[in-house]
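The structure under discussion appears below in the form of structure tokens.
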Amino acid sequence: MSARIRPDLESIPAYAPGRSRPGAVKLASNETTHGPLPTVAKAIAEAVELANRYPDNMAGELRAAIAEFHDVDVSRVAVGCGSVALCQELVQITCAAPTDEVLFAWRSFEAYPIVTQVGNARAVQVPLTGGYAHDLDAMAAAVTEHTRLIFVCNPNNPTGTAHGRAELIRFLDAVPGHVLVVLDEAYYEYLRLPADDHPDGVEIGRDRPNVLVLRTFSKAYGLAGLRVGYAVGDPEVITALLKVHIPFSVNRLAQAAAIASLEARHELLDRTDHVAAERDRMGDALRSAGYTVPPSEANFVWLPLGERSAEFGEASAAAGVLVRPYGTDGVRVTAGDPHENDLFLAFATNSEVTGRFLG
Ligand SMILES: Cc1ncc(COP(=O)(O)O)c(C=O)c1O
């Protein structure tokens with residue numbers, strides 16, 4: 001006889017990571033192509049020597065480094081086993097009753113519906129605009145007395161679209177102060193919006209206790225394999241996050257690597273210029289070939305291919321490039337190294353392929 005498991009889990013789709021295949025180019029998981037810098041690798045190697053000891057559960061040194069980087073008090077910083085763990089913990093600290101609602105745009109980061117259901121809350125999904133961006137007015141209008149948490153993914157995964165500072169502030173002004181708004185900025189470092197409209201959630205949230213920002217070391221900082229992300233927000237919200245945090249879940253290697261990466265941030269962040277240029281080059285080439293590609297502010301581009309998405313993904317894999325199809329919505333393609341992107345563009349802009357998928 002097998003154990004009784006929560007029956008509602010049957011309806012939760014398991015998180016589907018991007019595919020890998022030996023020998024294939026992987027543009028499916030929004031990773032960076034560079035391995036850790038020598039100083040980061042050294043910090044990891046040193047941390048390994050203490051692998052028999054538990055890590056610092058409060059991640060004091062890392063939190064202090066993040067606080068200094070953002071010029072905030074350390075009481076405003078929490079870390080998590082990837083920012084995805086923080087997404088789940090945010091549902092845990094805000095939702096208690098099955099009628100409690102978590103609001104987010106759709107399509108957006110695929111973990112949002114999963115963490116909502118795992119947290120026994122109700123997902124309220126607001127369709128993206130025709131331009132594949134968050135419909136912030138519709139989201140504000142969808143707030144009810146049951147809304148506890150709102151995820152705003154900016155730039156949005158998987159469509160790449162981003163809202164500027166003024167639009168975000170207008171939205172935040174329309175949301176009641178008792179609803180926690182999470183600005184998920186996993187791709188923040190790739191934003192290239194004009195300086196006067198640059199949406200820095202940490203700055204926007206400084207005087208707004210109901211705003212919390214998520215950032216990650218997985219993307220621009222290149223530590224996806226070590227699992228560390230962080231939240232910056234009101235101390236009361238951060239204290240609640242610390243209560244539901246799985247003890248020691250941010251491991252010693254991750255903490256050491258994140259501290260070393262922050263120290264080396266100038267070199268790491270310089271690389272994002274190349275990624276942003278490649279993303280723009282890919283978008284331009286694909287548009288010239290006839291694809292619809294919304295403007296991307298992240299390290300990927302979105303091809304809204306509808307029903308043809310899965311087939312396009314298979315055809316690209318057969319051509320040696322793994323991309324990420326999302327149901328019948330579209331395909332996300334990460335900006336990798338120039339030669340990898342060239343391989344994808346050679347496939348996608350080939351007249352046989354455009355004839356098949358754009359005809
Ligand atoms: C929008 C968004 N938020 C959060 C995450 C989680 O990143 P991590 O758990 O690696 O920090 C991702 C990863 O793909 C993402 O796309």
Side-chain angles (χ1 to χ4, degrees), residues 14-20 26-32 36 59 62 66 77-91 102 104-116 118 125 128 132-134 149-163 168 181-191 199 201 212-233 241 245-246 249-251 253-255 257-258 261-262 268 272 275 279 296-302 322-324 326 329-336:
Y15 184 85
R19 289 162 64 184
S20 296
K26 187 182 177 199
L27 301 180
S29 294
N30 293 347
E31 298 149 331
T32 48
L62 173 57
I66 294 166
V77 179
V79 295
C81 180
S83 56
V84 72
L86 289 160
C87 290
Q88 183 153 328
E89 290 161 9
L90 284 159
V91 177
V102 179
F104 49 87
W106 199 250
R107 193 172 269 274
S108 189
F109 182 34
E110 66 175 301
Y112 298 154
I114 299 174
V115 297
T116 302
V118 168
Q125 304 185 344
L128 297 174
Y132 310 97
H134 281 55
L149 176 64
I150 304 177
F151 285 112
V152 176
C153 190
N154 198 50
N156 188 43
N157 175 14
T159 61
T161 51
H163 291 279
L168 283 181
V181 182
V182 173
L183 303 177
D184 184 345
E185 299 186 336
Y187 302 96
Y188 175 81
E189 294 82 4
Y190 302 104
L191 276 159
L212 179 133
V213 176
L214 290 180
R215 300 266 179 100
T216 180
F217 286 97
S218 296
K219 311 294 176 186
Y221 290 89
L223 298 180
L226 288 181
R227 317 302 307 123
V228 54
Y230 62 94
V232 180
L241 279 174
H245 175 71
I246 295 181
S249 56
V250 181
N251 71 67
L253 275 56
Q255 292 187 32
S261 297
L262 272 181
L268 293 169
T272 63
V275 176
R279 146 200 103 195
S296 173
E297 294 292 331
N299 63 342
F300 51 83
V301 292
W302 175 247
L322 304 177
V323 294
R324 184 84 169 262
Y326 285 88
D329 285 345
V331 176
R332 191 191 70 193
V333 187
T334 304

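For ligands, and for the atoms within them, numbers begin at 1 and follow the listed sequence. Quick note: numbers below take in every heavy atom, side chains included, and nothing from hydrogens, waters or symmetry partners.
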When you look at Val115 and Val102, which way does the side chain to side chain contact (heavy atoms under 4.5 Å, CB included) test go after all the steps?
CA-CA 10 Å; Val115 297; Val102 179; over 6 Å; no
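- Taking the six-membered ring where the residue is Trp, Tyr112 and Phe151 present parallel rings, their angle staying beneath 30° rather than reaching 60°.
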Pairs of donor and acceptor atoms involving the side chains of residues 224-232, under 3.5 Å and at least two apart or interchain, shall be tabulated with distances.
unit_1	atom_1	unit_2	atom_2	d
Arg227	NH1	Ser218	OG	3.4
Arg227	NH1	Ala224	O	3.3
Tyr230	OH	His70	NE2	2.7

Derivation of the side chain to side chain contact (heavy atoms under 4.5 Å, CB included) call for Val91 and Val118
CA-CA 9 Å; Val91 177; Val118 168; over 6 Å; no
For ligand 1, which of its N or O atoms have a protein N or O partner closer than 3.5 Å, and how long is each gap?
unit_1	atom_1	unit_2	atom_2	d
ligand 1	3 (N)	Asp184	OD1	3.2
ligand 1	3 (N)	Asp184	OD2	2.7
ligand 1	7 (O)	Ser83	OG	3.4
ligand 1	9 (O)	Ser83	N	3.1
ligand 1	9 (O)	Val84	N	3.0
ligand 1	9 (O)	Arg227	NH2	2.7
ligand 1	10 (O)	Ser218	OG	2.6
ligand 1	10 (O)	Arg227	NH1	2.8
ligand 1	10 (O)	Arg227	NH2	3.3
ligand 1	11 (O)	Ser83	N	2.7
ligand 1	11 (O)	Ser83	OG	3.0
ligand 1	11 (O)	Thr216	OG1	2.5
ligand 1	11 (O)	Ser218	OG	3.4
ligand 1	14 (O)	Tyr187	OH	3.4
ligand 1	14 (O)	Lys219	NZ	3.0
ligand 1	16 (O)	Asn157	ND2	2.7
ligand 1	16 (O)	Tyr187	OH	2.7

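- A pairwise comparison of heavy atoms in Phe300 and Gly160 identifies CE1-N, 3.4 Å as the closest pair.
- For the residue pair Asn156 / Ser108, a side-chain donor-acceptor distance below 3.5 Å is found, with atom types taken as modelled.
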